[in-house]
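Note that the structure is a prediction, hence the values are computed from the model and not measured.
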Amino acid sequence: MKIHIYTLILAAAGVLLLPSCVKDRLYHTPHPDKGVLVVTADFSDRTDGAEIPSEYMVSIEETAYAASTASAFVYPDLLSPEEHGVSAYNLPSGMSVSEGIVSAYRPEDGSVEPMPGYLFTCFRTVGIAADDTVRTDLQMVQRTGDLYFEFEVIEGDVTRVSSVTGTLSGVAGSFDIAAGAIGTDSGNALFGFTVEGDTVSSQVRLLGLIGTQMLTLEISFTDGRSQSVDVDVTGYLDGFGADLTEPLELRGNLSLPV
């Protein structure tokens, strides 16, 4: 009889103990209501000879942080579980960035910087999940392209030339990172030419072209005289901007006063 009583007491104790076991809710991260973003930037699609920048900027909701191109970048701020617009861009020489707009205008005279560094940008919408880490690859797109001018002197004495400067109109002065397109404003790019033998040449690096492009050469001679040459090059530059990783070269002939 005692054996039966002892068994019943154990069973009752077991029943009483069961409700005291409470299962805690488990989380995957220390931030259960927010998410983390990790980005990797790919600069592989670029002009031959263009160097990968050592760092670039990652901006979400106007908060930007510098990221190294050598490794993946963990965005420092925790993000709410929703879609976020992510902007990535480098800071090339001769350009400035404000509120998602890249400007190539020179503050001293309002002309467009003729030879900035290579600009790369990317914008994409990324969905963030709570209590999780989201990883995304950003394919950086080259936004500036090289344009070469080369003129062969076919008449006149090139040794009398002391200097040649050029002005190209209809040059894009800004770029919208989120839209992935040049702005609607344009200006003039002012640049110098090199005279070597019978060749007069120059290089510029531009965001793009808008409207009509007039090229004006101001030629100064050793005797103090000067000559201006104007040519509409709009039709010859139609292909510029289709693929900015491929340079465009414009060649022609130049006649000097005899």
Out of curiosity, does [Y] fall in the hydrophobic cluster containing [X] (side-chain heavy atoms, cut-off under 4.5 Å, transitive links)?
X	Y	value
Y148	V231	no
V112	L190	no
L209	Y236	yes
L254	V233	yes

Checking R124 against T136: is there a side-chain donor and acceptor pair closer than 3.5 Å? yes
Side chains of S228 and E218: donor-acceptor distance under 3.5 Å anywhere?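 Short answer, yes.
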With side-chain contact (heavy atoms from CB on, under 4.5 Å) as the criterion, how do V229 and T216 come out once you've worked through the C-alpha distance, each side chain's angles and the decisive distance to 0.1 Å? CA-CA 6 Å; V229 179; T216 301; over 6 Å; no
Exercise: identify the closest heavy-atom pair between [X] and [Y]:
X	Y	answer
F191	P114	CB-CB, 4.0 Å
G208	F240	CA-CE2, 4.0 Å
R46	A50	NE-O, 2.7 Å
A129	P81	C-CB, 4.3 Å
G211	T234	O-CG2, 3.8 Å
A130	P32	CB-O, 3.5 Å

Taking [X] for the side chain and [Y] for the main chain, is one N or O donor matched with an acceptor at less than 3.5 Å?
X	Y	result
S80	E82	no
S220	S162	no
Q213	G170	yes
T69	P53	yes
R106	G94	no

Nearest 0.5 Å, what's the [atom1]-[atom2] distance between [X] and [Y]?
X	Y	atom1	atom2	value
L168	L206	CG	CG	6.5 Å
E249	F149	CD	CZ	10.5 Å
F151	S255	CZ	OG	12.0 Å
L217	D230	CG	CG	8.5 Å
D42	Q139	CG	CD	4.0 Å
E150	L250	CD	CG	10.0 Å

Is the shortest heavy-atom distance from the side chain of D33 to the side chain of D131 under 4.5 Å? no
For M57, which fellow cluster members are found when Ile, Leu, Val, Met, Phe, Trp and Tyr are connected by side-chain heavy-atom distances below 4.5 angstrom, either directly or through intermediates?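 Answer for M57: Y89, L91, M95, V97, V102, L119, F175, I177, I182, L207, I210.
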The remaining residues in the hydrophobic cluster of F43, counting side-chain heavy-atom contacts under 4.5 Å among Ile, Leu, Val, Met, Phe, Trp and Tyr, are L37, V39, I52, Y56, V58, I60, Y65, F73, Y75, L79, V86, Y118, F120, V126, I128, V134, L138, M140
Check against side-chain contact (heavy atoms from CB on, under 4.5 Å), L147 and L237: CA-CA 9 Å; L147 175 60; L237 301 179; 3.8 Å; yes
For Q142, the option from T47, D243, T121 that meets side-chain hydrogen bond (donor to acceptor under 3.5 Å, both in side chains): T47
Could you check L248 against D146 for side-chain contact (heavy atoms from CB on, under 4.5 Å), going step by step and ending with a plain yes or no? CA-CA 6 Å; L248 179 64; D146 293 320; over 6 Å; no
According to side-chain hydrogen bond (donor to acceptor under 3.5 Å, both in side chains), does anything in residues 176-194 pair up with another residue at least two apart or in another chain? List the pairs. Y105-D185, S174-D185
Start with the C-alpha distance between V141 and R143, add both sets of side-chain angles, then the distance that settles side-chain contact (heavy atoms from CB on, under 4.5 Å), and finish with yes or no. CA-CA 6 Å; V141 180; R143 302 301 189 180; 3.6 Å; yes
CZ (R160) with more than 12 external heavy atoms under 6.0 Å: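 Correct, the count exceeds 12.
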